[in-house]
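Every chain is numbered from 1 and lettered A, B, ... according to where its sequence line falls, protein lines coming before strand lines. For clarity, every value in this text was computed on a predicted model and none was experimentally measured.
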Amino acid sequence: MANEVRLRFPPSPTGYLHIGGARTAILNWLYARKHNGKLILRIEDTDAERSTEASIQGIMDGLNWLGIDWDEGPYFQTDFTGDHQAAGQKLLDTGKAYKCFCTKEVLDAKRQAALAAKQEVRYDGTCRNLSPEEIADQEAAGIPSVLRFKVPERDGSVGYDDKVLGRIEQKYCEISDFVIVRSNGKPLYLLCNVVDDIRDRISHVVRGQDHKDNTNRQILLYEALGAPVPVFAHMPLTLDTKKAKISKRSHGEIVAVHWYRDHGFLPWAMINFLCLLGWSAGDDREIFSKDELLEAFTLERINKSNAVFNYKKDDPKFITDPKLLNINAHYLRTMDLEELAVLVKKELESAGIWQAAYGGERKGWFLKTLDMSRERFYTLKDFSTEGRAWFADDFAMCPKALKKNVRKHDQLREWLPELADRMAALDDFSADETEKAARDFAEEKDIKPGIPINASRAVLTGQIKGPSMFEVFAHLGKETVVRRLRESGRWFEK
RNA sequence: GUCCCCAUCGUCUAGUCUGGUCCAGGACACCAGCCUUUCACGCUGGCGACAGGGGUUCGAAUCCCCUUGGGGACGCCA
């Protein structure tokens, strides 16, 4: 099939999958899926110094968690070194590349000098027109050489029609001869990438705008190798609030996909959010099911300008971009309860507070607990932290609740056990009856109903907020309510 | 230094190609009110942007030019 849609996600395994990479993978995946095409995972591990096994696994784990599936691969670039070398040799044989004997040290020095002097930085062409004799002499002297691509001396420009940016052109004379094969015989990214894309019959290349200028040089390679040029779409970069490129090195875990997995985020919420960073459907929709997203997605609607990942360090209220939190909460609060139950089970298990009964005879209770509490939760983590009191007695007390609703009234020390007795005496432990009991109690003591009610919330759930307290009474159950009220003395001890 | 790209509320964005329906719409965040004897949800309202300057035009966020700002590339990294 000549017109088959084939895309690839080619991460270099030099660290975990970060949100920028995930975004690239997502857009490639969306386009492939939308057009019944193929997505190929290709690990670009030619940088032996920095590539690690762990990052390969980490990247695949990240993709799997997100639900991004691929049809071919993972292929490993280093398995095709032969192809890359053959291509380099072909370019040398056809006069489209030449051997360059300039040493790295000399080149580095020249580049640094040019940069320092604020002068043009480019290869000066020292070896571009060496005679066969000169080449033979250098080789006889044992001087190692790299292979450099010979940029054609043509007027005009090389260019392409980018699906996102429009027409991109660069004059031939602005492009300096670039190295395609190292002196140790190992081919470099620019070449490998093109050779692999040709072999994998890639039809669309969707990548970050940091590759924009590479594309012109790669088009030269496609032409020199006599291969058709794929469609290119350069997506905007993800920047931090200071407009610096998001990177593993400077931002750490907060940009790692696994961080979101470990902090109770939902894979689809991540995908939804990441898509919105640099793309929009053109209408006011922001929440998309998979089908809706596939329907709405086009390369042309990807934005041209870079997007800021709005993460502010040291903001306790927002552990990450507020919009991501909001989207995650949306899915958490609206998703199918049974599906949510599976995820919360994992969370409770890892917190060590899962009980088999939640999946058995208490399943109905478990599901209702989730439904009651998810209204004010943002991540799965909240079920084992804020919502811990539903599942375990060793919950912590929110300091604010302790101060405002418990220790504020010394008499609560006596009142709460008394209230426990009232509750214990109830036959029908319903929301209505517990409400009546609590209100009657307040009336008898001539205190505001809020005092015993809010104190109960604190002592029973550890929280200052939560669902209607009477529903909490009823749902927590008589035994737990009575016990925790009776044992509330411990909260008064300093 | 050279080349390339970009530029609308704090953030993500709609609108730009095909000038008028935009004294610029939505979302998140923020603020206020309602609801709720809690908190949240929800609802209502508010705050808040066309980077600046020229030009073209009856009319410009939209077209052109300049300036400024931001980003990227210029590697025997990918």
Side-chain angles (χ1 to χ4, degrees), chain A residues 10-14 44-47 49-51 77 100 102-104 107-108 111 114-123 144-148 162 164-166 168-171 173-176 178-190 192-193 208-217 234 236-237 239 241 243-245 273 276-287 303-312 317-318 321-327 329 333 373-377 401 404-405 439 442 448-451 453-454 457-458 463-469 472:
Chain A
S12 59
T14 53
E44 305 215 322
D45 55 350
T46 53
D47 185 352
E49 308 256 306
R50 297 194 300 152
S51 297
Q77 198 158 52
C100 170
C102 299
T103 65
K104 192 179 189 323
L107 257 18
D108 277 345
R111 183 165 40 247
L115 241 23
K118 299 214 178 248
Q119 283 176 352
E120 197 176 355
V121 180
R122 66 179 288 155
Y123 177 60
S145 64
V146 301
L147 219 51
R148 217 174 254 282
D162 190 279
V164 173
L165 297 170
I168 301 286
E169 287 189 344
Q170 201 169 7
K171 291 193 181 73
C173 60
E174 295 289 352
I175 305 172
S176 68
F178 50 94
V179 177
I180 52 178
V181 179
R182 294 178 170 94
S183 56
N184 65 5
K186 298 231 167 106
L188 254 11
Y189 168 78
L190 244 23
C192 300
N193 192 248
Q209 284 181 15
D210 46 346
H211 285 288
K212 191 179 74 235
D213 296 298
N214 282 340
T215 303
N216 285 125
R217 291 184 288 171
H234 288 96
L237 267 19
L239 272 24
T241 50
K243 296 277 169 79
K245 207 160 101 174
F273 167 76
L276 257 23
L277 220 53
W279 173 87
S280 77
D283 48 36
D284 289 339
R285 284 181 298 165
E286 301 214 308
I287 297 292
N303 273 98
K304 291 179 177 168
S305 46
N306 293 337
V308 170
F309 178 63
N310 193 19
Y311 157 65
K312 294 186 196 74
K317 191 171 172 193
F318 298 108
D321 189 311
K323 192 137 189 170
L324 205 200
L325 240 15
N326 179 276
I327 291 175
R333 295 168 193 181
S373 41
R374 67 174 171 174
E375 273 305 305
R376 62 218 87 216
F377 286 175
K404 192 178 163 195
N405 294 335
R439 288 186 187 283
K448 283 189 281 188
I451 293 175
I453 293 170
N454 287 328
R457 181 190 307 288
Q463 297 292 301
I464 195 167
K465 55 182 189 176
S468 157
M469 200 48 212
V472 173

Just wondering, do A:Gln209 and A:Leu165 contact through their side chains at under 4.5 Å, heavy atoms?
yes

Which nucleotide wins on minimum distance to the side chain of A:Asn326, given the candidates B:rA78, B:rC3, B:rC28?
B:rC28

Taking the side chain as everything from C-beta on, heavy atoms only, tell me whether A:Pro322 gets closer than 4.5 Å to A:Asn310.
yes

Pair assignment for B:rC43, Watson-Crick or G-U wobble, requiring both distances under 3.5 Å:
B:rG33

Among B:rC5, B:rG71, B:rA73, the one nearest any side-chain atom of A:Asn306 is B:rG71

Whole-Å distance between B:rU13 P and A:Asp283 CG?
15 Å

Closest nucleotide among B:rU38, B:rG71, B:rA29 to the A:Arg457 side chain:
B:rU38

Please tell me which of the listed nucleotides, B:rC6, B:rA78, B:rG75, lies nearest to the side chain of A:Asn214?
B:rA78

For the base of B:rG72 and the side-chain ring of A:His234, does the geometry meet a stacking cutoff of under 5.5 Å between centres and under 30° between planes?
no

Counterpart base for B:rG48, defined by Watson-Crick or G-U wobble contacts under 3.5 Å
none

B:rU18 to B:rC30 separation - C1' atoms, rounded to the nearest Å
38 Å

Determine whether a donor-acceptor pair (one donor, one acceptor, N or O, separation below 3.5 Å) exists between the side chain of A:Lys212 and the base of B:rA73.
no

Using Watson-Crick geometry (N1-N3 plus N6-O4 or O6-N4) or G-U wobble (N1-O2, O6-N3), each under 3.5 Å, B:rA73 is paired with B:rU2

Under 3.5 Å for both donor-acceptor distances, Watson-Crick or wobble: does B:rU68 have a partner, and if so which one?
B:rA7

Side chain of A:Asn303 only, please: which of B:rC5, B:rC74, B:rU13 is the nearest?
B:rU13

Pairwise P distance for B:rC28 and B:rC66, with rounding to whole Å
40 Å

Could you measure between the two C1' atoms, the one in B:rG20 and the one in B:rG59, and give it in whole Å?
6 Å

Could you pick out which residue, A:Tyr123 or A:Ala244, lies toward the 5' side of RNA chain B when each is mapped onto its nearest nucleotide?
A:Ala244

Roughly how many Å is it from CZ in A:Arg111 to C1' in B:rG75, rounded to a whole number?
5 Å

In whole Å, what separates the P atom of B:rG15 from that of B:rA7?
12 Å

With both distances under 3.5 Å as the test, what is the Watson-Crick or G-U wobble partner of B:rA14?
none

Heavy-atom side-chain contact between A:Ser12 and A:Tyr189 under 4.5 Å
no

B:rU11 and B:rG48: how far apart are their C1' atoms, nearest whole angstrom?
12 Å

When we call it a touch if two heavy atoms are under 4.0 Å apart, what does A:Gln119 touch: a base, just sugar-phosphate, or nothing?
base

Given B:rA14, is OP1 or OP2 found less than 4.0 Å from the side-chain N or O atoms of A:Ser280?
yes

Any A:Leu188 side-chain heavy atom under 4.5 Å of A:Thr46 side chain:
no

Of the candidate nucleotides B:rC74, B:rA29, B:rC5, which contains the atom at the shortest distance from the side chain of A:Ser176?
B:rC74

At 4.0 Å (heavy atoms only), tell me whether A:Pro467 reaches a base, stays on the sugar-phosphate, or touches nothing.
base

Should A:Asp283 and A:Arg285 be marked as a salt bridge (Lys or Arg N to Asp or Glu O under 4.0 Å) after you check the CA-CA gap, both sets of side-chain angles, and the distance that decides it?
CA-CA 6 Å; A:Asp283 48 36; A:Arg285 284 181 298 165; 3.1 Å; yes

Could you pick out which residue, A:Asp47 or A:Lys312, lies toward the 5' side of RNA chain B when each is mapped onto its nearest nucleotide?
A:Lys312

Any N or O donor-acceptor pair linking the side chain of A:Arg376 to the base of B:rC39 at under 3.5 Å?
yes

Whole-Å gap separating P (B:rG42) and CZ (A:Arg333)
7 Å

Side-chain atoms of A:Leu276 come closest, of B:rC12, B:rG26, B:rC6, to B:rC12

For nucleotides B:rA49 and B:rA24, find the distance between their C1' atoms and express it as a whole number of Å.
9 Å

Is A:Arg376 close to A:Pro467 at the side-chain level, that is, under 4.5 Å between some pair of heavy atoms?
yes

Given B:rC76, B:rC12, B:rC3, identify the nucleotide with an atom nearest to the side chain of A:Glu174.
B:rC3

Please confirm whether any donor atom in the side chain of A:Glu286 sits under 3.5 Å from an acceptor in the base of B:rG26, or the reverse.
yes

Nearest listed nucleotide, side chain of A:Arg50, among B:rC77, B:rG71, B:rC74
B:rC77

Is there a salt bridge (Lys or Arg N to Asp or Glu O under 4.0 Å) between A:Lys245 and A:Asp210? Walk through the geometry before answering.
CA-CA 10 Å; A:Lys245 207 160 101 174; A:Asp210 46 346; 3.4 Å; yes

Gap in Å between the two C1' atoms, one belonging to B:rC50 and one to B:rC41, rounded:
34 Å

In this structure, how many angstroms lie between the C1' atom of B:rC76 and the CZ atom of A:Arg182, rounded?
6 Å

Expressed as a whole number of angstroms, how long is the span from A:Lys304:NZ to B:rU62:C1'?
13 Å

Under 4.5 Å between any side-chain heavy atoms of A:Ile168 and A:Thr215, yes or no?
no

Starting at NZ of A:Lys104 and ending at P of B:rC76, how long is that distance when rounded to a whole Å?
6 Å

A:Gln209 CD to B:rC3 P, in whole Å, measures 19 Å

Rounded to the nearest angstrom, tell me the gap between atom CG in A:Asp284 and atom C1' in B:rC12.
13 Å

P-based separation of B:rA29 from B:rC3 [nearest Å]
44 Å

If only side-chain N and O atoms of A:Thr103 are considered, is one of them under 4.0 Å from the OP1 or OP2 phosphate oxygen of B:rC76?
no

With the side chain of A:Leu237 defined as its heavy atoms from C-beta on, choose the nearest nucleotide among B:rA27, B:rG72, B:rC6.
B:rG72

